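What you are looking at is a predicted structure, and each value in this text was computed from that prediction instead of being measured.
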Amino acid sequence: MKKAGKILFSSGLTTLVLVIILSIAGVLDAFPFYMLLMVVFTITPIGLSFLAFDLPLQRRKKIATIALFIGIFLTAWGYFSKRQHWPGAGIAAIIGVVILCLYYGPLVFKNKFDKWKIYARSKRDAFLLSLFDFLGVGTLLLGLLFKFMHWPGANIMSTIGLVTLAIGLIAWNQKFKGEVVFRKETEDKLKISLEQIEESHKEISDSINYAKRLQDAILPPLKQFQGAFKDSFVLYKPKAIVAGDFYWLEKKDNLVFVAAADCTGHGVPGAIVSVVCSNALNRAVLEMNLKKPGEILDKVTELVMETFQKSGDEVKDGMDISMICFDLNETNSEQRSVTFSGANNPLWLVRGNELIEIKGDKQPIGFHENRKPFKTHEVELKQGDSIYLFTDGYADQFGGPKGKKFKYKQLSEKLISIGQLSMEKQKNEIETIFQVWKADLEQVDDVCVIGIRF
């Protein structure tokens, strides 16, 4: 359309220049002057309208409004000038009607077609309806112009215009009205539904964000880790806004307890379980004065199962956890140790180029057949040893060139290779490795890794 508009517009301007040149040369008597003038009046506005077809709808509407105003003004001016017997009345009326028919009309045709093709069963139906409107209004206007100018055929053109408009209206009533009304009602219902969905989404988001604030309240401040262990880090990356993983630190007298826990599920369900399990850990240490990690996990299991059994349903939610206990009085001692207990999760100790794994018991916190008491392991430490507690989210992340799991073997190799770095640099390194490995893939689970150097 844009190319055709340029051709028509340039042709109209060329014809106009030709008319001016012939007029100056005084040879117009030999040429059909009015035919050339009609060519200018016809193809120039059509070319302009074609140029506007490729513009956005809102800009086309503005241009159509301007064309409508100019066309009506010139037509009214011509009619008024004729009543006053002023010169140029006929030319003004002709230009006004031409603008309305050949510039404003095509723009309205295009706008209606773009609007109605959404509702019509086919683009052909929308095109025909728009075309009938365009031809009907255009022919009716030309009939009125012919009558104004006292040209022959005015009544016939007016009649054709009215009949064409009538056919368009009948076609509208039969083909489109019911369908358009139905679709419009459907759109209104969809709009209302979308607004309700957006409102529900906002309420859910607000609730989840509030749940995050509640969950953040159970997580110890990272400054507390730095206060207990100067060279340490916590890498915590929830899959969603709230998480099933959590890290835990509590002081009781001269003892510091640290844990990395992975509760059943993630998101809101996992977060609810994490609150229950975190509360059980606090009670076991602060209220019941338990000091051995194995005994603490036994009591936490009892408290968690007791909480879930209150519902009357069989709830098998729980958590995997790795926990250590460190005596602050041994901080400057040559012989230092930590006690450890784990539910499905191990403790890793990196000493130089060696990684030592202390495995936890193969049972979770929560329901488990053939449950046994959790073991408490005592791990002797040397200067410069690093220990790591973690959940399974890091190792289970899919990524890399083949989209496979990261796996524990690769994680252990990475920790050994960066073992001489400070804990803060280790955190940055393993976080970067995780992001590069994951790339554009979705994070599959919550991630929690704790590192402490003694």
Indicate the ring-plane relationship of Phe229 and Phe454, choosing parallel, tilted or perpendicular according to the 30° and 60° boundaries. perpendicular

Ignoring hydrogens and geometry, is there a side-chain-to-backbone donor-acceptor pair from Gln363 to Asn344 under 3.5 Å? no

With Lys427, which residues qualify under salt bridge (charged side-chain N to carboxylate O under 4.0 Å, His left out), at least two apart? none

Any heavy-atom pair between the side chains of Lys414 and Ile433 that's under 4.5 Å? yes

What is the distance from atom CD1 of Ile324 to atom CD1 of Ile450, rounded to the nearest 0.5 Å? 8.0 Å

Any residue meeting salt bridge (charged side-chain N to carboxylate O under 4.0 Å, His left out) with Arg351, in chain and number order, not counting sequence neighbours: Asp385

Testing the basics here: between Ala395 and Lys405, what is the closest heavy-atom pair and its distance to 0.1 Å? O-CB, 3.8 Å

Shortest non-hydrogen contact from Glu357 toward Trp348: OE2-NE1, 3.1 Å

Does Asn353, at its CG atom, have more than 12 non-hydrogen atoms belonging to other residues, nucleotides or ligands within less than 6.0 Å? no

For the residue pair Pro364 and Arg371, establish whether any side-chain heavy-atom pair is separated by less than 4.5 Å. yes

Heavy-atom check, side chain of Ile63 versus side chain of Leu107, under 4.5 Å: yes

Point-to-point distance, once rounded to the nearest 0.5 Å, from CD1 of Ile197 to CD1 of Ile192: 12.0 Å

Take the angle between the ring planes of Phe233 and Tyr388 and call it parallel below 30°, perpendicular above 60°, tilted in between. tilted

Enter the distance from Asp262:CG to Asp445:CG here, rounded to the nearest 0.5 Å. 6.0 Å

Under 3.5 Å, which donor-acceptor pairs do the side chains of residues 285-294 form with other protein atoms, sequence neighbours left out?
unit_1: Glu287; atom_1: OE1; unit_2: Arg283; atom_2: NE; d: 3.4
unit_1: Asn289; atom_1: OD1; unit_2: Lys252; atom_2: NZ; d: 3.1

Check the pair Trp248, Val258 against side-chain contact (heavy atoms from CB on, under 4.5 Å), reporting the backbone distance first and the verdict last. CA-CA 6 Å; Trp248 179 80; Val258 178; over 6 Å; no

Considering only NZ, NE, NH1 and NH2 on the basic side and carboxylate oxygens on the acidic side, decide whether Arg336 and Glu380 come within less than 4.0 Å. no

Any side-chain heavy-atom pair of Ile296 and Met323 under 4.5 Å: yes

Ala284 to Lys299 - nearest heavy-atom pair and separation: CB-CG, 4.0 Å

Atom CZ of Arg59: over 12 foreign heavy atoms under 6.0 Å: no

Any donor-acceptor pair under 3.5 Å from Ser278 side chain to Ser274 backbone: no

side-chain contact (heavy atoms from CB on, under 4.5 Å) evaluation trace for Ile387 with Leu381: CA-CA 9 Å; Ile387 62 171; Leu381 297 175; 4.2 Å; yes

Checking Gln410 side chain against Phe406 main chain: does a donor-acceptor pair fall under 3.5 Å? yes

Between Lys239 and Glu442, does at least one N-O distance fall below 4.0 Å, as a salt bridge requires? yes

side-chain hydrogen bond (donor to acceptor under 3.5 Å, both in side chains) partner of Thr391, chosen from Asp320, Asp446, Asp245: Asp245

For a quick test of reading the model, state the closest non-hydrogen atom pair linking Lys404 to Trp437 and the distance between them. O-CZ2, 3.1 Å

Examine distances only and state if a side-chain atom of Ser412 and a backbone atom of Lys409 form a donor-acceptor pair shorter than 3.5 Å. yes

Got a donor-acceptor contact below 3.5 angstrom from the Asp231 side chain to the Met423 backbone? yes

Any Lys375 side-chain heavy atom under 4.5 Å of Ser341 side chain: no

Where Cys277 and Val300 come nearest, the two heavy atoms and their spacing: O-CG1, 4.5 Å

With rounding to the nearest 0.5 Å, note down the distance linking CD in Glu250 to CD in Gln224. 7.0 Å

Let's go through Glu354 and Ile356 carefully: what are the C-alpha distance in whole Å and the side-chain angles of both, what is the deciding distance for side-chain contact (heavy atoms from CB on, under 4.5 Å) to 0.1 Å, and is it a yes or a no? CA-CA 6 Å; Glu354 181 185 10; Ile356 303 167; 3.8 Å; yes

Give the ring-plane orientation class for Tyr394 versus Phe434, where under 30° counts as parallel, over 60° as perpendicular and anything between as tilted. tilted

Sub-4.5 Å side-chain heavy-atom contact between Ser322 and Phe340: yes

Can you find a heavy atom in the side chain of Phe246 that is under 4.5 Å from one in the side chain of Leu219? yes

Measuring only between side-chain heavy atoms, which start at C-beta, is Asn111 closer than 4.5 Å to Phe109? no

Between atom CD of Gln420 and atom CZ of Arg453, what is the distance when rounded to the nearest 0.5 Å? 6.5 Å

Rounding to 0.5 Å, atoms CD1 (Ile321) and SG (Cys263) come to a distance of 8.0 Å

For Asp361 and Lys372, indicate whether the former's side chain and the latter's backbone hold a donor-acceptor pair under 3.5 Å. no

For Thr376 and Glu295, the nearest pair of non-hydrogen atoms, with its separation, is OG1-N, 4.2 Å

Yes or no on side-chain contact (heavy atoms from CB on, under 4.5 Å) for Lys359 and Asn345, after CA distance, side-chain angles and deciding distance? CA-CA 7 Å; Lys359 294 183 178 180; Asn345 288 351; over 6 Å; no

